[in-house]
Participant: 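To start, I am sharing the structure in question, which I have written as structure tokens.
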There are 2 protein chains.
Amino acid sequence: MKKRSELLREAIEEMIAVGKLAPGQHLDETELATQFGVSRTPIREALIQLASMGIIVMRPRRGAIVAEISPQKLIEMFEVMSEIEAMCARLAARRMSPADHAALLAAHHACEEARNAPDPDEYFYRGETFHQCIYAGSHNAFLIEQARTLHRRLRPYRRLQLRVHGRIDKSFSEHDAVVQAIIEGRSDAAGELLRDHIMIQGHRFTDLIASLSRISNQAA
Amino acid sequence: MKKRSELLREAIEEMIAVGKLAPGQHLDETELATQFGVSRTPIREALIQLASMGIIVMRPRRGAIVAEISPQKLIEMFEVMSEIEAMCARLAARRMSPADHAALLAAHHACEEARNAPDPDEYFYRGETFHQCIYAGSHNAFLIEQARTLHRRLRPYRRLQLRVHGRIDKSFSEHDAVVQAIIEGRSDAAGELLRDHIMIQGHRFTDLIASLSRISNQAA
DNA sequence: ACTTATTTGTCCGTATGTATA
DNA sequence: CTATACATACGGACAAATAAG
């Protein structure tokens with residue numbers, strides 16, 4: 001049985017990921033408490049968890065706000081994320097079992113089906129499963145955890161990146177190249193392909209900066 | 001002004017780092033509360049932070065215990081650490097300023113002087129500064145933070161590794177090769193050299209497993 | 001399997017510090 | 001600058017769940 005604060009953390013985290021709570025927005029403990037029908041204590045504990053993950057910032061006696069990530073820091077985070085994922089891909093190419101390959105291909109094909117879905121977020125969600133498959137394929141539990149944590153922090157931005165015109169199709173063909181490299185055991189190639197796939201999002205300074213202002217304006 | 005739970009987290013973290021609280025040991029909230037002269041609330045908040053860092057493990061309704069790092073997990077952590085440091089080295093080779101070079105060389109020479117110091121920990125401490133120089137040279141604040149965090153968690157094990165006979169001299173010559181590569185801007189070489197330098201500690205399964213039993217016995 | 005005891009998870013009251021008029 | 005209002009940080013109490021006998 002899961003802890004109450006764990007569930008609350010996930011709920012609040014999701015609200016932040018989908019932009020329901022925008023960066024910089026103040027998180028009122030009492031308000032959240034009544035909203036979820038609990039007291040302030042479990043809310044506080046959930047907020048503390050989010051704070052140690054870097055999702056929100058807690059200023060002593062001044063409450064918590066959703067973390068505002070500067071474009072500079074965002075670039076830095078993508079730079080690290082790309083290397084973490086590259087490492088996952090290299091290890092996956094060497095260590096994946098036939099069952100892992102099957103799971104990866106299934107996730108990949110699920111993305112293919114979602115390419116022209118009416119809801120653009122559908123591809124986003126399936127893409128997440130795809131990346132998680134590669135993390136898991138590294139067979140390094142600590143690395144998987146690190147990758148997941150970073151992924152969660154960058155989630156809102158990765159999602160917005162797919163809104164750029166034509167990005168979904170390009171994303172899929174990049175995925176395809178990665179899959180081939182992994183299955184054929186071309187470790188270094190897999191790493192480089194996945195790194196570039198992630199860094200495309202980081203390299204486009206302008207897109208990202210633009211999405212920054214967009215994310216703070218969109219409340220849904 | 002810092003929060004109470006922040007200070008408590010640091011205090012408890014230190015107790016764990018110096019072995020005052022051994023891996024697997026149960027952390028009694030009430031006991032810690034009376035020990036620090038506070039109520040259970042700030043203790044709980046500190047524990048939650050330590051749990052999200054992976055320092056302790058909180059099982060629902062069953063309390064918190066100091067995380068037990070299995071040899072398997074230790075290997076995994078070193079595997080990740082080696083890639084993080086490799087990334088730092090690659091970036092450092094491309095981005096270091098002349099001032100950065102000077103700082104790196106200074107730290108390197110400080111290690112050289114400590115090679116035959118009576119206290120073997122002297123080399124360890126100067127080696128830490130050396131590695132921090134490389135982190136800083138990446139000029140990626142987020143990466144620096146990640147590297148520091150991981151470094152802190154592996155600190156006890158890195159220190160023990162240097163007790164192996166002849167390891168200090170080998171460590172220094174590996175450092176030397178890394179320094180040359182960084183200064184000459186050979187990015188990929190610097191990365192690979194530093195990765196191997198770290199992984200030497202991970203590859204020696206037996207040494208690490210041996211140090212595991214030793215570390216749980218030494219209370220000072 | 002039942003009872004007891006300890007410990008955690010949650011709620012609420014209060015005081016202190018921050019922001020605002 | 002003072003005073004007021006309000007949100008946060010902490011303490012204490014209660015209830016529920018687990019472990020022990």
Side-chain angles (χ1 to χ4, degrees), chain A residues 1-16 19-69 149 152-153 216 219, chain B residues 1-16 19-69 216:
Chain A
M1 192 180 175
K2 250 184 185 173
K3 282 210 302 187
R4 182 77 86 115
S5 65
E6 287 278 326
L7 296 170
L8 287 169
R9 176 182 60 72
E10 287 172 16
I12 299 174
E13 192 179 341
E14 188 64 23
M15 287 171 74
I16 294 172
K20 217 168 207 167
L21 294 171
Q25 185 170 338
H26 179 86
L27 298 170
D28 190 282
E29 294 181 359
T30 316
E31 195 179 317
L32 287 168
T34 54
Q35 188 175 334
F36 285 101
V38 295
S39 92
R40 277 180 47 227
T41 307
I43 296 287
R44 277 185 67 80
E45 303 197 339
L47 293 185
I48 290 166
Q49 291 176 58
L50 290 170
S52 13
M53 292 183 207
I55 311 261
I56 70 173
V57 184
M58 295 191 82
R59 298 161 302 175
R61 287 277 176 197
R62 297 179 65 210
I65 59 169
V66 180
E68 300 182 271
I69 309 186
T149 306
R152 286 219 295 271
R153 285 181 71 174
S216 51
Chain B
M1 189 181 177
K2 247 184 186 174
K3 282 210 302 188
R4 196 111 192 97
S5 64
E6 287 279 324
L7 297 170
L8 286 169
R9 177 182 60 73
E10 288 170 16
I12 299 173
E13 192 179 344
E14 187 63 22
M15 288 172 72
I16 293 171
K20 215 169 203 170
L21 294 171
Q25 186 170 339
H26 179 87
L27 298 169
D28 191 283
E29 295 180 358
T30 316
E31 194 179 318
L32 287 167
T34 54
Q35 189 175 333
F36 284 102
V38 295
S39 91
R40 274 178 51 224
T41 309
I43 296 286
R44 278 184 67 81
E45 302 194 340
L47 293 185
I48 290 168
Q49 292 176 58
L50 291 170
S52 13
M53 293 184 207
I55 311 267
I56 69 173
V57 184
M58 295 189 81
R59 297 162 304 175
R61 287 277 173 196
R62 298 181 67 209
I65 60 169
V66 180
E68 303 181 84
I69 309 189
S216 53

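Naming: A, B, ... by sequence-line order, numbering from 1 per chain.
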Participant: Rounded to whole Å, how long is the line connecting atom CG of B:Leu7 with atom P of D:dA9?
Facilitator: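 Taking CG of B:Leu7 and P of D:dA9, I get 13 Å after rounding.
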Participant: Considering non-hydrogen atoms only, spot the tightest contact between B:Arg44 and B:Glu29 and give its length.
Facilitator: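 It is NH1-OE2, 3.0 Å.
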Participant: When you measure from the side-chain N and O atoms of A:His26 to the phosphate of D:dT8, is any distance below 4.0 Å, counting only OP1 and OP2?
Facilitator: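 Yes, because at least one side-chain N or O of A:His26 sits under 4.0 Å from OP1 or OP2 of D:dT8.
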Participant: Check the interface with nucleotides 19-21 of chain C: list each N/O to N/O pair with the protein under 3.5 Å, or write none.
Facilitator:
unit_1 : atom_1 : unit_2  : atom_2 : d
C:dA19 : OP1    : A:Arg62 : NE     : 2.3
C:dA19 : OP1    : A:Arg62 : NH2    : 3.1

Participant: Which residues in residues 38-48 of chain A have at least one heavy atom lying under 4.0 Å from any atom of DNA chain D?
Facilitator: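 Output list: A:Arg40, A:Arg44.
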Participant: What's the CD-P distance between A:Gln49 and C:dG9, to the nearest Å?
Facilitator: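 Between P of C:dG9 and CD of A:Gln49: 11 Å.
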Participant: Determine whether A:Ile43 and A:Leu27 make a side-chain contact, defined as any pair of heavy atoms from C-beta on separated by less than 4.5 Å.
Facilitator: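 No, too far: nothing below the 4.5 Å cut-off.
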Participant: Return a table of donor-acceptor pairs under 3.5 angstrom between the side chains of residues 48-58 of chain B and protein atoms on other chains or two or more places apart.
Facilitator:
unit_1  : atom_1 : unit_2  : atom_2 : d
B:Gln49 : OE1    : B:Arg9  : NE     : 3.0
B:Gln49 : NE2    : B:Ser5  : OG     : 3.4
B:Gln49 : NE2    : B:Glu45 : O      : 3.4
B:Ser52 : OG     : A:Ser52 : OG     : 3.1
B:Ser52 : OG     : B:Ile48 : O      : 2.8
B:Ser52 : OG     : B:Gln49 : O      : 3.3

Participant: Please give, in whole Å, the distance from C:dT7 P to B:Ile65 CD1?
Facilitator: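 Between P of C:dT7 and CD1 of B:Ile65: 16 Å.
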Participant: Measure the NZ-CD1 distance between B:Lys20 and B:Ile12 for me, rounded to the nearest 0.5 Å.
Facilitator: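 Answer for the NZ-CD1 pair, B:Lys20 versus B:Ile12, is 12.5 Å.
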Participant: Determine the minimum heavy-atom distance between A:Gln35 and A:Met15, stating which atoms define it.
Facilitator: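 Here A:Gln35 and A:Met15 meet closest at NE2-CE, 3.7 Å.
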Participant: How many whole angstroms separate atom CZ of B:Arg59 from atom C1' of D:dA17?
Facilitator: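 My rounded result for the distance is 14 Å.
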Participant: Would you name the heavy atoms of B:Ala46 and B:Leu8 that are closest together and state the gap between them?
Facilitator: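 Scanning both residues completely, I find the closest heavy atoms to be CB-CB, 4.0 Å.
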Participant: Expressed in angstrom and rounded to an integer, what is the separation of B:Met58 atom CE from D:dT18 atom C1'?
Facilitator: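 After rounding, the gap between these two atoms is 15 Å.
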Participant: Nearest heavy atom decides the nucleotide; on that basis, is A:Arg61 or A:Ser5 closer to the 5' end of DNA chain C?
Facilitator: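 Checking each residue's closest nucleotide, the 5'-ward one belongs to A:Ser5.
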Participant: Just verifying a value: how many Å separate A:Glu13 CD and A:Arg153 CZ, rounded to the nearest 0.5 Å?
Facilitator: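 Reported value, rounded in 0.5 Å steps: 11.0 Å.
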Participant: What is the minimum heavy-atom distance between A:Ala67 and A:Pro23, and which atoms define it?
Facilitator: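 Closest heavy-atom pair between A:Ala67 and A:Pro23: O-CB, 3.6 Å.
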Participant: Could you state the CD-C1' distance from B:Glu29 to C:dT8, rounded to the nearest angstrom?
Facilitator: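 Distance check: B:Glu29 CD to C:dT8 C1' gives 6 Å.
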Participant: Let me know the distance between CG of B:Asp28 and C1' of C:dG9, rounded to the nearest Å.
Facilitator: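 It works out to 15 Å between those atoms.
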Participant: From A:Leu32 CG over to A:Arg40 CZ, what is the distance, rounded to the nearest 0.5 angstrom?
Facilitator: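 One gets 11.0 Å once the value is rounded to the nearest 0.5 Å.
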Participant: Which whole-number value in Å describes the distance from A:Phe36 CZ to C:dT10 C1'?
Facilitator: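 Spelled out: CZ on A:Phe36 to C1' on C:dT10 is 17 Å.
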